[in-house]
Amino acid sequence: MSSPKARDSNRSAERTTRGAGSRPIWPALLVVSLLVLGAVAFIGVTAWRTFGRDVEPLLAESRTLLEGAADTNSQTLQLQQVRAAEPLLREYLLATGRQQSTAKLFLCACLMMQDNIMQDSPIGQGMVTDELLNEVKPSECATQDLLTAAKLFVHTRRLTQTDWLIGAALQKGDEREPVLRLAAKVRYDLGREDDVLEHCAELARLNPRDPQPWKWMAYVHEDRGYLEPLIEAYSKLVELSPEDADEVWPLLIQTLIETGQAAEARQQFDQWEARSPQLAAKSPLTQAQLLHLEGNAPEALRLAELALQDDPAEPAALMLKGKILLAQSKLEPAIEVFEKLVQIAPTYSNAYYALGQAYARHGDKQQAENYLAQHQRLLTLSVRIHSLERRAGRNPTDADVRLELAQLYEELGNAEVAQRWKHAAESLQNRRQ
């Protein structure tokens with residue numbers, strides 16, 4: 001049997017041996033507990049943000065900001081508002097799991113507006129924006145929200161995307177008048193003139209006292225050269241928009257003269273003169289054209305000569321003088337006037353037609369055929385130029401269409417306009433490099 005001293009020594013050694021092979025477990029338990037608590041807290045916060053927090057004010061505030069940006073032309077104010085709206089929309093989408101078409105649509109508008117104003121977006125942002133836009137379901141958006149986004153898209157010249165939103169808004173059927181207004185404006189720029197006329201006809205039915213649809217209809221009829229409906233549009237504008245009457249009345253009178261409606265042209269001229277005698281007095285050429293239509297050739301020629309004294313290169317005055325001389329069978333003086341006219345206005349197709357007619361009556365068949373062919377060529381080129389100029393307006397970054405316009409104007413002999421289009425194309429090409 002061992003002594004008490006020996007037994008104490010053995011127990012001491014045993015405690016030492018156990019301590020060398022183990023550690024206290026409470027620190028590890030503390031770490032695990034903290035991790036668990038952190039995870040629970042994170043899940044709780046996420047759940048609160050997703051389910052417990054009311055995030056609708058974020059979307060409402062963004063909507064207010066973007067409506068303000070859509071209704072102003074100040075780029076400074078637009079930039080401030082879309083930058084303020086963007087983080088609100090991102091937070092809203094994060095909280096709702098990115099399942100909200102209106103917020104996605106608004107975010108796309110924010111990104112496109114900033115890109116358009118600053119023109120320094122990160123590489124690939126345009127692709128990201130387009131992908132986000134593809135996730136938008138317009139049927140899930142309110143008509144007013146589609147309208148707000150479409151107005152913003154107009155500022156960025158994204159007309160194709162704008163038209164897509166307008167189509168969705170038109171299908172919904174509410175907010176009809178403002179949607180139709182934007183549809184007419186955008187679709188005129190897109191060259192969809194039949195749609196513009198349809199929208200304007202509906203607008204005129206909805207609000208018979210509104211002059212705006214008649215303005216758009218006038219643009220379309222003027223572009224197409226449809227004079228009778230153009231007269232109707234001008235007449236409505238004179239009636240509905242007194243503040244624009246002094247600008248529209250001379251156009252109405254000129255169109256009536258062009259269609260040979262002497263009595264109606266005289267009635268409209270007398271009304272214009274009674275309202276604005278000073279302006280009417282400053283339009284001796286309009287009076288001369290009306291007098292010529294009414295058969296008063298001597299007085300018409302006198303007024304045309306007066307207009308030419310003020311401006312010897314006035315094309316309309318030269319045309320009227322040449323017509324009067326031709327009607328009086330003064331063929332050589334008429335030819336001289338028309339020759340001067342085609343030199344002054346080489347793109348004035350009617351001048352070539354008049355000159356061809358004068359040479360035909362003079363017995364010079366070859367010259368007559370040459371000028372009449374030139375008249376037809378100019379008509380064809382004018383149609384092409386008109387189409388390209390519309391495309392250039394719709395696509396401000398299209399250099400190719402501007403180069404073609406420069407070439408066509410060179411063919412017409414209008415070097416000044418050709419140079420302007422060429423310079424515009426070169427500026428766009430340099431910007432790409």
Side-chain angles (χ1 to χ4, degrees), residues 211 214-215 218-219 221-222 225-345 347-355 357-358 361:
W214 294 101
K215 288 183 181 180
Y219 295 153
H221 296 319
E222 184 179 8
Y226 294 170
L227 299 185
E228 287 299 335
L230 182 59
I231 289 171
E232 180 187 10
Y234 284 154
S235 299
K236 281 291 186 179
L237 286 172
V238 167
E239 173 191 348
L240 299 175
S241 184
E243 65 273 15
D244 296 325
D246 284 331
E247 180 181 349
V248 177
W249 238 321
L251 300 175
L252 172 59
I253 295 164
Q254 288 285 345
T255 310
L256 287 167
I257 291 171
E258 191 172 345
T259 56
Q261 300 181 55
E264 181 64 23
R266 170 56 65 187
Q267 180 183 358
Q268 292 294 335
F269 184 87
D270 290 346
Q271 290 177 8
W272 181 44
E273 187 175 35
R275 170 191 161 108
S276 305
Q278 292 181 341
L279 289 176
K282 293 179 180 179
S283 302
L285 190 53
T286 300
Q287 297 184 56
Q289 291 168 329
L290 180 54
L291 288 166
H292 178 242
L293 182 62
E294 292 172 330
N296 190 346
E299 183 63 13
L301 183 59
R302 184 185 72 80
L303 291 176
E305 294 284 12
L306 285 177
L308 288 170
Q309 288 178 13
D310 293 334
D311 182 2
E314 168 54 56
L318 287 170
M319 174 63 82
L320 179 58
K321 179 180 179 180
K323 282 183 177 181
I324 294 172
L325 293 172
L326 186 61
Q328 294 173 343
S329 296
K330 298 177 180 179
L331 300 181
E332 292 185 0
I335 288 173
E336 182 180 349
V337 170
F338 290 139
E339 289 278 12
K340 180 179 181 180
L341 180 56
V342 297
Q343 292 175 2
I344 291 171
T347 62
Y348 190 4
S349 63
N350 286 341
Y352 292 90
Y353 180 81
L355 186 55
Q357 292 292 322
R361 289 184 57 182

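It should be emphasised that the depicted structure is a prediction, and the values quoted were computed from it without experimental measurement.
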With no hydrogens and no angle check, is any side-chain donor or acceptor of [X] less than 3.5 Å from a backbone partner on [Y]?
{"X": "Glu232", "Y": "Trp214", "result": "no"}
{"X": "Arg266", "Y": "Glu294", "result": "no"}
{"X": "Thr259", "Y": "Leu256", "result": "yes"}

Restricting to non-hydrogen atoms, name the atom on [X] and the atom on [Y] that form the minimum distance, rounded to 0.1 Å.
{"X": "Pro250", "Y": "Ala245", "answer": "CD-O, 4.3 Å"}
{"X": "Ala300", "Y": "Ala288", "answer": "CB-O, 3.2 Å"}
{"X": "Leu326", "Y": "Ala334", "answer": "N-CB, 3.8 Å"}
{"X": "Leu293", "Y": "Ala262", "answer": "CD2-CA, 3.5 Å"}

How long is the straight-line distance from [atom2] of [Y] back to [atom1] of [X], given to the nearest 0.5 Å?
{"X": "Phe338", "Y": "Asn350", "atom1": "CZ", "atom2": "CG", "answer": "10.0 Å"}
{"X": "Leu237", "Y": "Glu243", "atom1": "CG", "atom2": "CD", "answer": "10.0 Å"}
{"X": "Leu227", "Y": "Thr255", "atom1": "CG", "atom2": "OG1", "answer": "6.5 Å"}
{"X": "Leu252", "Y": "Gln268", "atom1": "CG", "atom2": "CD", "answer": "4.5 Å"}
{"X": "Ile253", "Y": "Thr286", "atom1": "CD1", "atom2": "OG1", "answer": "6.5 Å"}
{"X": "Leu251", "Y": "Leu230", "atom1": "CG", "atom2": "CG", "answer": "8.0 Å"}

Is any side-chain heavy atom of [X] closer than 4.5 Å to a side-chain heavy atom of [Y]?
{"X": "Trp249", "Y": "Ser276", "value": "no"}
{"X": "Arg275", "Y": "Asp246", "value": "yes"}
{"X": "Tyr234", "Y": "Glu222", "value": "yes"}

Using the ring-ring contact (aromatic ring centres under 6.0 Å, His included) criterion, which residues pair with Tyr353? Sequence neighbours excluded.
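Here the qualifying residues are His375.
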Distance-only donor-acceptor hits, side chain of residues 306-321, under 3.5 Å, sequence neighbours excluded:
from	atom 1	to	atom 2	distance (Å)
Asp311	OD1	Ala313	N	3.1
Glu314	OE2	Ala316	N	3.0
Lys321	NZ	Glu305	OE2	3.2

For [X], does the [atom1] atom have more than 12 heavy-atom neighbours from other residues, nucleotides or ligands under 6.0 Å away?
{"X": "Glu299", "atom1": "CD", "value": "yes"}
{"X": "Gln278", "atom1": "CD", "value": "no"}
{"X": "Gln328", "atom1": "CD", "value": "yes"}

Please report the C-alpha distance between Asp244 and Lys215 in whole Å, then the side-chain angles of each, then the deciding distance to 0.1 Å, and finally whether the side chain to side chain contact (heavy atoms under 4.5 Å, CB included) criterion is met.
CA-CA 11 Å; Asp244 296 325; Lys215 288 183 181 180; 3.1 Å; yes
